[in-house]
Enquirer: 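Below: one structure in structure tokens.
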Number of protein chains: 2
Amino acid sequence: MRKKMSEAAARKVTASDVAKRAGVSKWTVSRAFTEGASISPEAQERVLQVAAELGYRPNLLARSLTKKRTGIVGLVVDELENPNLFPILNEVTNQLQRKGYMSMLLNITSEHSDGSTLSLADQFQVDGLIFLGTLLNDELVQLAQDIRHIPLIVLYRNCDYPNIQVVATDGYRAGRDIAGLFIEQRFRRIGYMLGPFSQSTQLKRLEGFRDGLKEQGLEVEVILEARHYQRDCGFQALARYLDLTAPDARIEALFCENDILAIGALDALRARSDAIRMGVVGFDDIELAASPCYDLTTYRQPLELLVPEAIRRLTAEGEPAPKFLAPGQLVRRSSHLRR
Amino acid sequence: MRKKMSEAAARKVTASDVAKRAGVSKWTVSRAFTEGASISPEAQERVLQVAAELGYRPNLLARSLTKKRTGIVGLVVDELENPNLFPILNEVTNQLQRKGYMSMLLNITSEHSDGSTLSLADQFQVDGLIFLGTLLNDELVQLAQDIRHIPLIVLYRNCDYPNIQVVATDGYRAGRDIAGLFIEQRFRRIGYMLGPFSQSTQLKRLEGFRDGLKEQGLEVEVILEARHYQRDCGFQALARYLDLTAPDARIEALFCENDILAIGALDALRARSDAIRMGVVGFDDIELAASPCYDLTTYRQPLELLVPEAIRRLTAEGEPAPKFLAPGQLVRRSSHLRR
DNA sequence: CGCGGCTTTGCAACCGGGTGCAAAGCATTT
DNA sequence: AAATGCTTTGCACCCGGTTGCAAAGCCGCG
């Protein structure tokens with residue numbers, strides 16, 4: 001017999017039930033479940049045993065009411081379209097669970113791009129928010145800040161508002177690393193493919209890239225612009241460039257703002273009948289990058305450093321720490337080679 | 001000045017604060033925020049205005065305490081390794097939000113594969129659970145059933161326990177559809193690649209596939225087994241078969257249990273120096289399947305039917321409805337052609 | 001034996017909001 | 001004018017746990 005959902009929680013075992021059966025007061029039951037509370041070992045054992053018999057589990061919502069702490073962390077994502085988000089989400093939820101937190105997923109879709117979803121999270125009394133989406137704009141973060149004073153972490157992205165904790169990959173350095181790779185390969189004519197958002201995260205990357213090239217007297221010759229972070233847009237952007245540019249006037253190497261665009265670019269190269277040689281490098285190291293038919297050289301963000309740091313800051317006290325920028329790692333495959 | 005997380009929620013505006021300022025009792029405030037409550041339009045407007053001024057938002061946790069309904073739905077996923085999960089997760093969270101529910105992500109990792117995570121969800125008083133993981137075994141579902149009597153939905157997968165709501169693609173029919181495709185292409189020697197779990201979901205598919213072939217006097221000649229649902233395993237499984245089987249004794253077409261395996265199989269074919277012609281079909285229609293370098297023919301599960309149905313059942317009253325099996329759709333690309 | 005100090009337990013009050021009922025307000029009916 | 005019915009509002013109490021305090025129990029020590 002299944003009850004309807006709204007009655008589902010009815011007739012649960014409460015602390016008073018346990019108390020009655022164990023011959024103690026409900027306050028003693030509460031203590032038995034509180035770490036380090038003043039209770040005699042015998043009483044505690046007794047209560048825990050009765051609780052197990054009755055299948056009692058404390059109601060965390062009721063507890064939150066007095067504790068002013070829910071153990072719920074809101075993960076703010078955009079439309080979940082970036083495959084790079086997958087491993088991050090996995091790692092974040094996993095590590096939060098390990099620390100006793102639960103993850104509430106706030107999906108900011110185009111129809112909920114106002115603050116309403118954040119407001120709802122607020123009503124659920126989340127203890128903190130982690131912003132994971134690549135497309136999320138800073139205004140939303142700002143909005144969250146107005147709503148309530150809880151820790152706000154922006155992960156994998158930069159954000160220049162005060163009181164926001166930023167935990168991200170060092171984009172400037174990444175740019176320089178890729179520049180170094182191109183120099184090593186003796187490319188002289190170099191392009192960059194930009195995505196739709198010129199956030200400071202990406203701009204830092206471009207800046208590092210430019211500075212790295214400059215040291216060798218090189219510069220970014222062409223900037224291609226993709227309309228969205230989608231393969232098709234990367235494809236279009238490069239295909240159009242190839243159409244408009246004479247073979248001997250073309251760039252020899254292209255650094256794309258992320259792997260999706262880079263893969264689109266590779267597809268564009270492959271689609272041409274005239275064999276075009278161009279080194280292509282992406283960013284993120286998504287799963288598809290390792291596929292043998294792309295074998296994309298890319299830049300891996302240090303998940304194993306960023307996620308723990310983000311979670312640490314979520315629970316840390318005191319003033320917000322300065323930005324945490326960790327170095328990523330170049331993943332050498334074959335797409336950067338002149339083929 | 002940022003407070004530490006545990007104090008974050010302190011000093012929030014409560015209903016009593018609003019009541020005092022609006023010159024009414026706190027119960028009137030409560031009514032102003034309750035749909036269809038008995039309250040005069042003037043009082044309501046008054047309260048809402050004061051609430052807006054003070055930035056009051058009802059505490060949903062406190063409300064849940066009396067309502068016996070939290071509006072939180074637990075989404076049980078496994079290690080988030082199946083890319084097919086991405087669009088599902090997006091759609092589910094999105095639609096839940098639209099209905100005023102929040103999604104709590106329960107990540108069942110290898111270290112939390114016992115019921116502890118489900119138990120935690122229970123303590124948060126979730127209104128229902130949706131099982132999304134492909135690898136999640138039925139024992140876990142059974143475990144959830146013991147914990148609490150809330151709606152349990154198994155999405156995209158079969159499950160034969162009673163009182164479990166199953167919402168999935170019609171695997172038998174899918175199997176027949178693929179069989180039909182192979183027959184149409186005049187393949188006569190046919191193989192099937194199995195994943196690690198022989199759950200009834202997959203077995204139904206194989207059954208349909210076999211029945212479809214049988215009608216034309218064909219049968220599944222070879223069954224390859226992949227150890228995990230990973231590209232590498234699909235690769236190994238087919239590569240080994242090719243190594244061991246003489247060219248003229250080989251199958252002509254292969255139906256793989258999911259796209260990841262199929263892509264591994266395509267890689268295995270491509271990696272051989274001797275040009276091998278084999279039609280390959282996958283299942284799920286993940287993003288990578290559309291990549292021009294695989295162009296994988298596959299079978300799309302009807303997201304747009306399954307997700308709304310799952311959510312409907314989550315909130316429906318009364319006895320569990322019978323299994324919901326919706327037909328999927330063959331996605332014809334080029335990998336099924338003899339190349 | 002009496003006293004101080006420590007641990008253990010019970011209790012009232014509270015977290016923030018919802019329910020059911022009764023009283024108050026008001027208009028309509030006879 | 002009194003009786004009736006409806007809407008609106010206030011109130012005591014509840015949801016399931018926690019906190020701070022005070023009382024009770026226990027110990028050793030002078």
Side-chain angles (χ1 to χ4, degrees), chain A residues 6-48 51 54-72 122-127 148, chain B residues 6-48 50-51 54-71 122-127 148:
Chain A
S6 50
E7 291 175 14
R11 297 290 352 119
K12 279 203 68 170
V13 185
T14 81
S16 301
D17 298 334
V18 176
K20 203 172 294 170
R21 205 145 185 290
V24 294
S25 68
K26 66 170 182 168
W27 296 280
T28 305
V29 175
S30 169
R31 286 187 181 100
F33 283 90
T34 307
E35 193 73 26
S38 156
I39 186 174
S40 67
E42 304 86 52
Q44 169 146 25
E45 195 186 348
R46 182 82 187 291
V47 168
L48 290 182
L54 267 51
Y56 166 75
R57 259 184 296 270
N59 180 331
L60 294 185
L61 264 38
R63 175 179 291 174
S64 303
L65 215 50
T66 45
K67 292 267 191 187
K68 305 274 181 223
R69 189 185 161 291
T70 55
I72 303 176
D122 174 40
Q123 292 182 260
F124 275 106
Q125 321 294 114
V126 295
D127 284 343
R148 197 137 146 269
Chain B
S6 50
E7 292 176 12
R11 298 288 353 118
K12 280 203 68 169
V13 185
T14 81
S16 301
D17 298 334
V18 176
K20 203 172 295 170
R21 205 146 185 291
V24 294
S25 67
K26 67 167 183 168
W27 298 279
T28 305
V29 175
S30 170
R31 286 188 182 100
F33 283 90
T34 307
E35 193 72 26
S38 153
I39 186 175
S40 68
E42 305 85 51
Q44 170 146 26
E45 193 185 350
R46 184 81 186 293
V47 168
L48 291 181
V50 173
L54 266 49
Y56 167 75
R57 258 184 296 270
N59 180 332
L60 294 184
L61 265 39
R63 175 179 291 174
S64 303
L65 217 49
T66 45
K67 291 269 190 184
K68 305 272 181 227
R69 187 183 163 291
T70 55
D122 173 40
Q123 293 182 258
F124 274 107
Q125 322 294 113
V126 296
D127 284 344
R148 195 137 145 268

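Naming convention: chains lettered A, B, ... in sequence-line order (proteins, then strands); numbering from 1 in each chain. This structure is a prediction, so every number in the text was calculated from the model and none was measured.
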Enquirer: Locate the shortest heavy-atom distance separating B:A15 from B:Y56; write the atom from each residue and the value.
Expert: N-CE1, 3.4 Å
Enquirer: Kindly point out which of D:dG17, C:dT9, C:dG17 is positioned nearest to the side chain of A:Y56?
Expert: D:dG17
Enquirer: Any donor-acceptor pair under 3.5 Å between the side chain of B:K26 and the base of C:dG16?
Expert: no
Enquirer: Whether A:S16 contacts D:dG17 is assessed here as follows: a side-chain N or O lying under 4.0 Å from the phosphate OP1 or OP2. Is that the case?
Expert: no
Enquirer: Expressed in angstrom and rounded to an integer, what is the separation of B:L60 atom CG from D:dC15 atom C1'?
Expert: 15 Å
Enquirer: Please write out each protein N/O paired with an N/O of nucleotides 20-22 of chain C under 3.5 Å, distance rounded to 0.1 Å.
Expert:
from, atom 1, to, atom 2, distance (Å)
C:dG20, O6, B:R31, NH2, 3.4

Enquirer: What's the CG-C1' distance between A:L61 and D:dT18, to the nearest Å?
Expert: 15 Å
Enquirer: Take atom CD of B:Q125 and atom P of D:dG17, then tell me their distance rounded to the nearest Å.
Expert: 8 Å
Enquirer: Using side-chain contact (heavy atoms from CB on, under 4.5 Å) as the criterion, list what pairs up with B:L61, not counting sequence neighbours.
Expert: A:L61, A:S64, A:T70, A:F124, A:Q125, B:N59
Enquirer: Between atom CD in B:Q44 and atom C1' in D:dT7, what is the gap in whole Å?
Expert: 14 Å
Enquirer: Tell me the closest heavy-atom pair linking B:A32 and B:L48, and the distance in Å.
Expert: O-CD2, 4.2 Å
Enquirer: If you assign each of A:V29 and B:S40 to its closest nucleotide in DNA chain D, which residue comes earlier from the 5' end?
Expert: B:S40
Enquirer: List in chain and number order the residues that pass side chain to side chain donor-acceptor pair (under 3.5 Å) with A:T34, two or more places apart in sequence or in another chain; answer none if no residue qualifies.
Expert: none
Enquirer: Using the salt bridge (charged side-chain N to carboxylate O under 4.0 Å, His left out) rule, collect all pairs that involve residues 20-43 of chain B, keeping only residues at least two apart or in two chains.
Expert: B:R21-B:E53
Enquirer: Check side-chain contact (heavy atoms from CB on, under 4.5 Å) between B:T14 and all other residues, then give those that pass, not counting sequence neighbours.
Expert: B:S16, B:D17
Enquirer: Can you name the side-chain contact (heavy atoms from CB on, under 4.5 Å) partners of A:E45, sequence neighbours left out?
Expert: none
Enquirer: Ignoring the backbone of B:R63, work out which of C:dT9, C:dG17, D:dG17 is nearest its side chain.
Expert: C:dG17
Enquirer: Using nucleotides 24-27 of chain C, report all nitrogen or oxygen pairs with the protein that are shorter than 3.5 Å.
Expert:
none

Enquirer: What's the shortest heavy-atom distance between B:D127 and B:G71, and which atoms?
Expert: OD2-N, 2.6 Å
Enquirer: Describe, as an angle rounded to 10 degrees, how the axis at the first end of the helix from C:dC1-D:dG30 to C:dT30-D:dA1 is tilted relative to the axis at the last end, five pairs per end.
Expert: 60°
Enquirer: Within this structure, what is the CG-to-P distance between B:L65 and D:dC13, rounded to whole angstrom?
Expert: 19 Å
Enquirer: Taking only side-chain N and O atoms of B:K12, does any of them lie within less than 4.0 angstrom of OP1 or OP2 on C:dC15?
Expert: no
Enquirer: Which atom names give the shortest non-hydrogen contact between B:S25 and B:A19, and what distance separates them?
Expert: C-CB, 3.5 Å
Enquirer: Please list, chain by chain and in numerical order, all residues satisfying side-chain contact (heavy atoms from CB on, under 4.5 Å) with B:T66, sequence neighbours excluded.
Expert: none
Enquirer: Where each residue is assigned the nucleotide of DNA chain D containing its nearest heavy atom, which of A:N59 and B:G23 is assigned the position nearer the 5′ end?
Expert: B:G23
Enquirer: Students often get this wrong, so: under 4.0 angstrom with heavy atoms, is A:S38 touching a base, only sugar-phosphate, or nothing?
Expert: base
Enquirer: Could you please name the option among C:dT9, C:dG16, C:dG18 that lies closest to any side-chain atom of B:T66?
Expert: C:dG18
Enquirer: How long is the span from the CD1 atom in A:I39 to the CZ atom in A:F33, to the nearest 0.5 Å?
Expert: 10.0 Å
Enquirer: Expressed in angstrom and rounded to an integer, what is the separation of B:K68 atom NZ from C:dG16 atom P?
Expert: 19 Å
Enquirer: Using the test side chain to side chain donor-acceptor pair (under 3.5 Å), find all partners of A:R57 that sit at least two apart in sequence or belong to another chain.
Expert: B:D122
Enquirer: If you assign A:V24 and B:A15 each to the DNA chain C nucleotide with the nearest heavy atom, which residue ends up on the more 5' nucleotide?
Expert: A:V24
Enquirer: Between C:dG10 atom C1' and A:I39 atom CD1, what is the distance in whole Å?
Expert: 13 Å
Enquirer: How close or far is atom C1' of C:dG17 from atom CZ of A:F124, stated in whole angstroms?
Expert: 14 Å
Enquirer: Just verifying a value: how many Å separate A:T28 OG1 and A:R46 CZ, rounded to the nearest 0.5 Å?
Expert: 11.0 Å
